[in-house]
Amino acid sequence: AQSVTQLGSHVSVSEGALVLLRCNYSSSVPPYLFWYVQYPNQGLQLLLKYTTGATLVKGINGFEAEFKKSETSFHLTKPSAHMSDAAEYFCAVTSNFNKFYFGSGTKLNVKP
Amino acid sequence: DAGITQSPRHKVTETGTPVTLRCHQTENHRYMYWYRQDPGHGLRLIHYSYGVKDTDKGEVSDGYSVSRSKTEDFLLTLESATSSQTSVYFCAISGPGGVNNEQFFGPGTRLTVL
């Protein structure tokens, strides 16, 4: 069985501050991990993914995430928040690229 | 953007009526999915399909059925809608295959059951 836990349903940061969104997963097999972003009234779009190879992955819009097997984590970071980053972010896990399991989401608020 | 459309985009219906949502893709991907999104729950898988006429249940399949008679279309049916099925429904496709797979999402259908 696989599952994802996202700590913090709401995160608020000031513009220019570090963004850190937490994701921990549970998987009995090697996981493949994803971060998606959802803007209001839109579908989800892929930010970045970890499949194999380098554990630090870079995505769009300056986001990156690091796969830490020992901590079963895949936290999303961005050095400097921008107002346009305000959205909801979802972490997802799969072991076979056929069924994907999503976390409950974290809403990011960016204050001017 | 992946070619995924959902229809209708908004629907209001009454308890007890049947409702069918349609997902259409132009990517020829094998896997298609229906999710519902509710506050505090993220996305929960209702049903998915791994080929024409091949479907399987997800974690919240009760009250829903699906059909896939063509590669490009995946239908979600609520046989008798209930207020608990008020939600935003997302269709997704998965491709191109193997470790390069990722999910692409449609724009969503907002369903209100009165």
Side-chain angles (χ1 to χ4, degrees), chain A residues 1-10 21-26 29-54 57 59-60 65 67 76 87-108, chain B residues 1-7 9-10 21 23-25 27 29-51 54-61 87-111:
Chain A
Q2 296 178 298
S3 65
V4 172
T5 301
Q6 291 184 239
L7 287 176
S9 58
H10 291 80
L21 305 183
R22 299 179 186 274
C23 172
N24 288 88
Y25 68 90
S26 172
V29 296
Y32 304 101
L33 297 153
F34 303 76
W35 275 100
Y36 287 84
V37 61
Q38 184 182 34
Y39 299 102
N41 300 312
Q42 294 185 24
L44 281 69
Q45 63 182 83
L46 184 68
L47 267 181
L48 50 78
K49 63 180 177 181
Y50 167 77
T51 54
T52 58
V57 292
I60 62 172
F67 170 57
L76 182 71
E88 190 162 17
Y89 294 80
F90 293 92
C91 183
V93 64
T94 183
S95 63
N96 59 13
F97 293 95
N98 296 327
K99 287 184 76 172
F100 296 75
Y101 299 89
F102 286 81
S104 55
T106 297
K107 284 189 177 178
L108 176 65
Chain B
D1 290 341
I4 311 171
T5 56
Q6 293 183 231
S7 59
R9 293 293 312 280
H10 301 271
L21 308 183
C23 177
H24 178 78
Q25 62 145 329
E27 305 296 319
H29 284 337
R30 179 182 173 194
Y31 281 78
M32 298 184 75
Y33 309 79
W34 277 107
Y35 293 90
R36 59 177 291 173
Q37 184 179 26
D38 304 288
H41 291 278
L43 273 75
R44 292 182 290 175
L45 182 65
I46 305 172
H47 283 279
Y48 70 103
S49 169
Y50 46 96
D54 292 323
T55 65
D56 203 352
K57 296 179 179 180
E59 58 184 309
V60 291
S61 60
S87 186
V88 181
Y89 291 86
F90 286 99
C91 175
I93 64 176
S94 177
V99 296
N100 293 315
N101 254 19
E102 62 180 81
Q103 285 197 316
F104 301 92
F105 286 82
T109 294
R110 185 174 295 275
L111 176 67

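Numbers restart at 1 for each chain; the letters A, B, ... are given by sequence-line order, proteins then strands. Just so it is clear, the values below take in all heavy atoms, side chains as well, and ignore hydrogens, waters and symmetry mates. Here the structure is a predicted model, which means the values were calculated and not measured.
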Item to check | Side chain / backbone / both / neither for A:Gln38 at chain B, heavy atoms under 4.5 Å | outcome: side chain
Checklist outcome for this item: Closest non-hydrogen contact found for B:Gly40 with A:Ser104 is O-CB, 3.5 Å
Checklist entry - Are A:Phe34 and B:Glu102 close enough that some pair of their side-chain heavy atoms sits under 4.5 Å apart? => result yes
Next on the checklist: With a 4.5 Å cut-off on side-chain heavy atoms, are B:Gln37 and A:Glu88 touching?
Outcome noted: yes
Checklist entry - Using a cut-off of under 4.5 Å for heavy-atom pairs, which of B:Gln103, B:His41, B:Arg44 has the most such pairs with chain A? => result B:Gln103
Next on the checklist: I'd like to know if the side chain of B:Tyr33 reaches the main chain of A:Phe100, judged simply by a donor and an acceptor atom lying under 3.5 Å from each other, with no hydrogens or angles considered.
Outcome noted: no
Next on the checklist: Could you work out, with side chain to side chain contact (heavy atoms under 4.5 Å, CB included) as the rule, every residue matching B:Pro107, not counting sequence neighbours?
Outcome noted: B:Gln6, B:Arg9
Next on the checklist: Can you give me the closest heavy-atom contact between A:Phe102 and B:Leu43, atom names plus distance?
Outcome noted: CB-O, 3.8 Å
Item to check | Contact class of A:Tyr36 relative to chain B, heavy atoms under 4.5 angstrom | outcome: side chain
Checklist entry - Can you say whether A:Leu44 sits under 4.5 Å from chain B via the side chain, the backbone, both, or neither, judging by heavy atoms? => result both
Checklist entry - Tell me, side chain or backbone of B:Arg110 under 4.5 Å from chain A's heavy atoms, or both, or neither? => result side chain
Checklist entry - Is it the backbone or the side chain of B:Leu45 that comes under 4.5 Å from a heavy atom of chain A, or both, or neither? => result side chain
Item to check | Heavy-atom side-chain proximity of A:Lys99 to B:Asp56 below 4.5 angstrom | outcome: no
